[in-house]
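Every chain is numbered from 1, with letters handed out A, B, ... down the list of sequences.
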There are 2 protein chains.
Amino acid sequence: MATMADVARHADVSVKTVSNVLSGHPHVRDATRDRVLAAVAALGYEINVTARIFRSGRSGVVGLAVPELGQPYFGELADEILSAARSHGLQVLIEPTGFTREGELAALRVPRRGLVDGLIFSPAALVQSDSHLLDSLDYPLVLLGEQMFSPSVDHVTMRNIDGARAATDLLLDAGRRHIAVIGMLHAETAGSASLRYTGYQQALEARGIEVDTRLLGWSDEAWHRANGARAMADVLDSGVPVDGVVAFNDALAIGAMYELQSRGLAIPQDVGVVGFDDIEDSRYSVPTLTTVDPGRREIAHVAVDILRRRMQERLDPGATDRAPVLYLAGMRIVERESTPRRTG
Amino acid sequence: MATMADVARHADVSVKTVSNVLSGHPHVRDATRDRVLAAVAALGYEINVTARIFRSGRSGVVGLAVPELGQPYFGELADEILSAARSHGLQVLIEPTGFTREGELAALRVPRRGLVDGLIFSPAALVQSDSHLLDSLDYPLVLLGEQMFSPSVDHVTMRNIDGARAATDLLLDAGRRHIAVIGMLHAETAGSASLRYTGYQQALEARGIEVDTRLLGWSDEAWHRANGARAMADVLDSGVPVDGVVAFNDALAIGAMYELQSRGLAIPQDVGVVGFDDIEDSRYSVPTLTTVDPGRREIAHVAVDILRRRMQERLDPGATDRAPVLYLAGMRIVERESTPRRTG
DNA sequence: GCGACCAGTGTGAACGCTCACACGCCCGCA
DNA sequence: TGCGGGCGTGTGAGCGTTCACACTGGTCGC
């Protein structure tokens, strides 16, 4: 297989010039560039990526550690990150952590001296007290998700409180006053469930409405459709009137909608339903689901951008490291059929 | 940062010996190995992966080209492949092709001289006439999915015909005689839709039952829930009696179930429903969905194994390339609540 | 007791590229 | 005319590892 030296010989230039042309060095005469490219084409030369990585110390590969791709939210997030990365010529190595602590620790180890320039990490099993693990890492790292770890690490997160509050407000604006919550967790203290619940609380409080605990639908960590149906059933069975539902994710919402409809309740006429995440499913449910778009696309793009900037910083020695970023993606309600039009 | 030479000096051996120890070469005396490992620990040495890749020509990374991770089937497939690869110490670089021809062609180009040792490729946009593109590739390639391309390439596929036939038989065995099909495609000729339809046909034929075209529910390529509901509605609106449904994937089945239930039909008492793919959703739908498990897990593991074998073959020059493999994964019906018990 | 053989280790040469540096050349300005 | 500076290109030195091969010393068979 042809090497750079072969191309250089063929184009009658030095190896360095070939390298310059191929890595986009600006100061190459057009005629020279053309000669080199012609030689490349003639020999069917393709650059040896591994040699370039080895010598330059940069692989152009970033790691992505997420719990599980089978979950639509993470699958779609991965798609976004892959496309953002690709638009900058970066490849992505995905490391599923399986919701386990060991998996997440392993993902943190991978990049060391490896073929990965940086890591985008969506933690699910690490807890606050693991913060220190993130401080001593010698590679660029961007954290995704709602939990705040070490303040010395860049975070790109979503507006959980605002999102849940907006979802609740949407129903309140339409005159709904008996709004159930689907997806309450017993165990968690700082994750998305409690933050989203806080948003719900704030919305009610702002209107002087008391939280009715009978409206709280509990689930376990697996926010699946069946749990949504079950929690919805529990709430309805308590006899409390319900005219709205805020579900902590879309799968729960779809399950809740099933339960409501199987009891003859009309959506949105009798009960309005709002989900969270804006996964593809919510566009295809019946009725289609109003949901909170947490800015997944934005999160992906910003995370990749921040990571790129950090990767850049470690290259030019002049650049002083900027302070850690805490970026909150723009949240947005996507109104579909499952909620009534606002009445003001 | 420490290099192998530092370790060698510290352990008082040659660089080669350190290399031997670190790459698991068997002929190293225990005492020597211990000394080397002690030196490694003392210096906090970690091997430079990129140098190793460069020199050895192997990266330990395999590519995975799938249309889209956001689709549960592919997300779950990717999880399986990642875990299979990881159990052999391989990393996976995912290349989403976005259901486009260009995306798929790009994915085929990536591994050339790159940091990927081989490719697992699930084509969705390439057609039969693109076969020749796959013949001239100079890296190990395993194709996934139902379509047969070049006979010179390894394929790991699912039993589409058998699966659909078994799904249909399940309903026939329970005495159902008016079985609708959800997911018929106008455009396609050799893909999973037509193969699955063939299975349906065969099952009816074996019992001497004519296909009633009013029972065929048409969709576009996007096998989403809403299309399932729509196709189901079309069939029901035609006035034909229906006591069973074979849907070409689980999302379609869930949509169909919604439509049936909203018309007051009980599942499985009035209508039995079978899906295809066994995605996580089918375990959480209401009722839970009987479906065809196409052997996704097996497909993933076998694909990785075949790829590893091919990667091995190109290393030891002695090995003659084995003939291309066509592997059909074991298909299996997963009976859940949406189908009646067989009456024999 | 001699050579064949093999485990165990060392030597030196790549692998193909990028990087720091050097050098010539041309342009513009004094 | 002289000179500085930047553009365009070349030179040579590695980057850290693995690989082919060479070597040593002991074991085994006859």
- B/Asp12 CG - C/dG10 C1' separation (whole Å): 12 Å

- Heavy-atom nearest nucleotide on DNA chain C taken for B/Ala51 and for B/Val28; more 5' hit belongs to B/Val28

- Note on the structure: Of the listed D/dG8, D/dT18, D/dG10, the closest approach to the A/Thr17 side chain comes from D/dG10

- OP1, OP2 of C/dT18 versus side-chain N and O of A/Arg52: anything below 4.0 Å? yes

- Task: Select from A/Ser14 and B/Ala5 the residue whose nearest nucleotide in DNA chain D is closer to the 5' end of that strand.
- Result: A/Ser14

- Message: Check this for me: does the side-chain of B/Arg55 come within 3.5 Å of the base of D/dT17 through a donor and an acceptor?
- Response: no

- Note on the structure: Looking only at D/dG10, D/dT17, C/dT18, the nucleotide nearest the A/Val15 side chain is C/dT18

- Message: From the set C/dG10, D/dT18, C/dC17, return the single nucleotide nearest to any side-chain atom of B/Lys16.
- Response: C/dG10

- Message: Please tell me if B/Thr32 has a side-chain N or O lying less than 4.0 Å from either OP1 or OP2 of C/dT9.
- Response: yes

- Task: Ignoring backbone atoms, establish whether A/Ser19 has a side-chain N or O less than 4.0 Å from OP1 or OP2 of C/dT18.
- Result: yes

- Query: Is the ring centre of B/Phe54 under 5.5 Å from the base ring centre of C/dC15, and are the two planes under 30° apart, so that they stack?
  - Reply: yes

- Task: Give a yes/no on whether any side-chain N or O of A/Arg58 is located under 4.0 angstrom from OP1 or OP2 of C/dC19.
- Result: yes

- Query: Can you check salt bridge (Lys or Arg N to Asp or Glu O under 4.0 Å) on B/Glu313 and B/Arg310, steps first, answer last?
  - Reply: CA-CA 5 Å; B/Glu313 274 169 10; B/Arg310 293 291 179 203; 3.0 Å; yes

- Task: Please report, rounded to the nearest Å, how far the P atom of D/dT11 is from the CE atom of A/Met4.
- Result: 16 Å

- Nearest heavy-atom contact between A/His155 and A/Val153 is ND1-O, 2.9 Å

- Which nucleotide in D/dG16, C/dC19, C/dC17 has an atom nearest any side-chain atom of A/Ser56: C/dC19

- Message: Taking the minimum atom-to-atom distance to the side chain of A/Arg29, which one of D/dT18, D/dT9, C/dC17 wins?
- Response: D/dT9

- Item | Whole angstrom value for the distance that separates P of D/dT9 from CG of A/Asp30 | 10 Å

- Whole Å only: how far is the CG atom of B/Asn20 from the P atom of D/dT17? 13 Å

